[in-house]
Novice: 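Here it is: the structure, laid out below.
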Amino acid sequence: MQKEKYLITGIGGFVARHILRFLDTPDNKTVEIIGIDRGIGGGTFEMQHCVCRPISADLRDVAVLESVISQFQPQRLIHLAASSSVGQSWHEPAKCLCGNLTILLNLLQSVKAAMTANPSYRCRGLIVGSSEIYDNAGETALTETAPLKPQNPYAVGRMAQEELVRLYTEHFGLDIVSTRSFLHIGSGQHERFAVASFIRQLLDARRSGKKETVLNTGNVDLLRDIADVRDVVRAYFLLFDKGQSGEIYNVCTGKTTRLRDIIAKAADILGIETKIEIVPELLRPNDVPVILGSCEKLKERTGWQPQFSLEDTLRSMIG
């Protein structure tokens, strides 16, 4: 039986680990995966129901991607690799902006080259983008037709990413579905992201036997549309099957949660009293008060619905 081949960039990241768990099910015994990331171990490792071969490589080197895609010829491509910290993009704007665009351009060029060399070859791509590109003025749920107005260097790059995808789908016939993914959280997320940082500080307090603690935070009165990463991954695979090529889909819940309330719920689960201390270094320029998305287009196209509550998600992160 012919295997279904996946190429996943950013295989060492938070979301990729949940994608591998999704694929490693009895229904996916024919899946073969190549994952690319910097600094990841080589060799082949067997999961329970599928095989993943990680490759350590710098995706800014187009020759690496051209070689992998021409030889492996994946039927499905998931592009996750990116410098994804909004806060860090203010400290290293060139690294974030130029690096992310170079990686995507190399990927698109490599797929195009493989299609040119083998006209019968087809690859379905899912390019993960960000809701950060919206003009988040007001509390109206943002649809895919809402005005775009990036407020940080990371978001500027994400908007340019969408234009690159548009060019390659319209002019070269690449089969690509794109997302504007809103904030998503879950187990294994790096603590440089806000909610994971809250959880880490609370867990440190519990390990120390404390019944109360002080949390160092940025602005915790922001309202954000926050999804469980497991729901997000399921949306990605539904878009693989049902999304329209060349289209962009919000991946979000359609409701907001205040960051302060997330802290309170996590602290309640752990039985720890908390006080919040705002740290100036953790405040971001131009942080907008409310980010709320509309997921109606995603729901209408795929039938997707979120399945995990905020408490479910926090308990998965607490362990």
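Everything numeric in this text was worked out from a predicted model, so none of it was measured. Just the heavy atoms: all of them, side chains too, but no hydrogens, waters or symmetry mates, feed the values below.
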Novice: What residues form a side-chain contact (heavy atoms from CB on, under 4.5 Å) with Ser67, not counting sequence neighbours?
Specialist: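 Result, side-chain contact (heavy atoms from CB on, under 4.5 Å) vs Ser67: Gln71.
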Novice: Which residues pass the ring-ring contact (aromatic ring centres under 6.0 Å, His included) test with Phe172, sequence neighbours left out?
Specialist: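 Counting only residues at least two positions away or on another chain, Phe172 forms a ring-ring contact (aromatic ring centres under 6.0 Å, His included) with Tyr168.
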Novice: Determine the interplanar angle of the Tyr236 and His184 rings, folded into 0 to 90°, and report it as parallel if under 30°, tilted if 30 to 60°, perpendicular if over 60°.
Specialist: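 It falls in the perpendicular class, over 60°.
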Novice: Determine which pairs satisfy salt bridge (Lys or Arg N to Asp or Glu O under 4.0 Å) with at least one residue from residues 254-272, sequence neighbours left out, and list them in order.
Specialist: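 Non-adjacent pairs meeting salt bridge (Lys or Arg N to Asp or Glu O under 4.0 Å): Asp221-Arg260.
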Novice: Can you sort out the partners of Glu311 under salt bridge (charged side-chain N to carboxylate O under 4.0 Å, His left out), two or more places apart, ordered by chain and number?
Specialist: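 Checked Glu311 against salt bridge (charged side-chain N to carboxylate O under 4.0 Å, His left out); matches are Arg315.
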Novice: Quick one: salt bridge (charged side-chain N to carboxylate O under 4.0 Å, His left out) partners of Asp175, sequence neighbours excluded?
Specialist: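 Expected list: Arg124.
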Novice: Under the 4.5 Å side-chain heavy-atom rule for ILVMFWY, direct or indirect, which residues accompany Val62?
Specialist: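 Traced through the cluster, Val62 reaches no other member.
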Novice: Who passes side-chain contact (heavy atoms from CB on, under 4.5 Å) against Glu247, sequence neighbours left out?
Specialist: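 Residues passing side-chain contact (heavy atoms from CB on, under 4.5 Å) with Glu247: Gln244, Tyr249, Lys297.
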Novice: Check side-chain contact (heavy atoms from CB on, under 4.5 Å) between Val165 and all other residues, then give those that pass, not counting sequence neighbours.
Specialist: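 Checked Val165 against side-chain contact (heavy atoms from CB on, under 4.5 Å); matches are Leu104, Ile127, Thr169, Ile176, Ser178.
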Novice: For Leu215, which fellow cluster members are found when Ile, Leu, Val, Met, Phe, Trp and Tyr are connected by side-chain heavy-atom distances below 4.5 angstrom, either directly or through intermediates?
Specialist: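 Via sub-4.5 Å side-chain contacts, Leu215 links to Leu183, Ile185, Val195, Phe198, Ile199, Leu202, Leu203, Val220, Leu222, Ile226, Leu259, Ile262, Ile263, Ile269, Leu270, Ile272, Ile276, Ile278, Leu283, Leu310, Leu314, Met317, Ile318.
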Novice: So is Lys5 actually on top of Phe72's ring, under 6.0 Å and inside 45° of the axis?
Specialist: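 Verdict for Phe72: a cation-pi partner in Lys5.
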Novice: side-chain contact (heavy atoms from CB on, under 4.5 Å) with Glu92: which residues, sequence neighbours excluded?
Specialist: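 Per chain and number, Glu92 pairs via side-chain contact (heavy atoms from CB on, under 4.5 Å) with Gln88, Lys95.
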Novice: If you look only at pairs with a residue in residues 159-174, which of them pass as a salt bridge (Lys or Arg N to Asp or Glu O under 4.0 Å), with sequence neighbours excluded?
Specialist: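 Pairs touching residues 159-174 that pass the test: Glu162-Arg180, Glu163-Arg166, Arg166-Glu170.
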Novice: Output the rest of the hydrophobic cluster of Val214: all Ile, Leu, Val, Met, Phe, Trp and Tyr residues reachable through side-chain heavy-atom contacts under 4.5 Å, sorted by chain and number.
Specialist: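 Its cluster mates, by chain and number: none.
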Novice: Under 6.0 Å from the six-membered ring centre of Phe308 and within 45° of its axis: does the NZ or CZ of Arg230 meet both?
Specialist: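 Flagged: Arg230 positioned over aromatic ring of Phe308.
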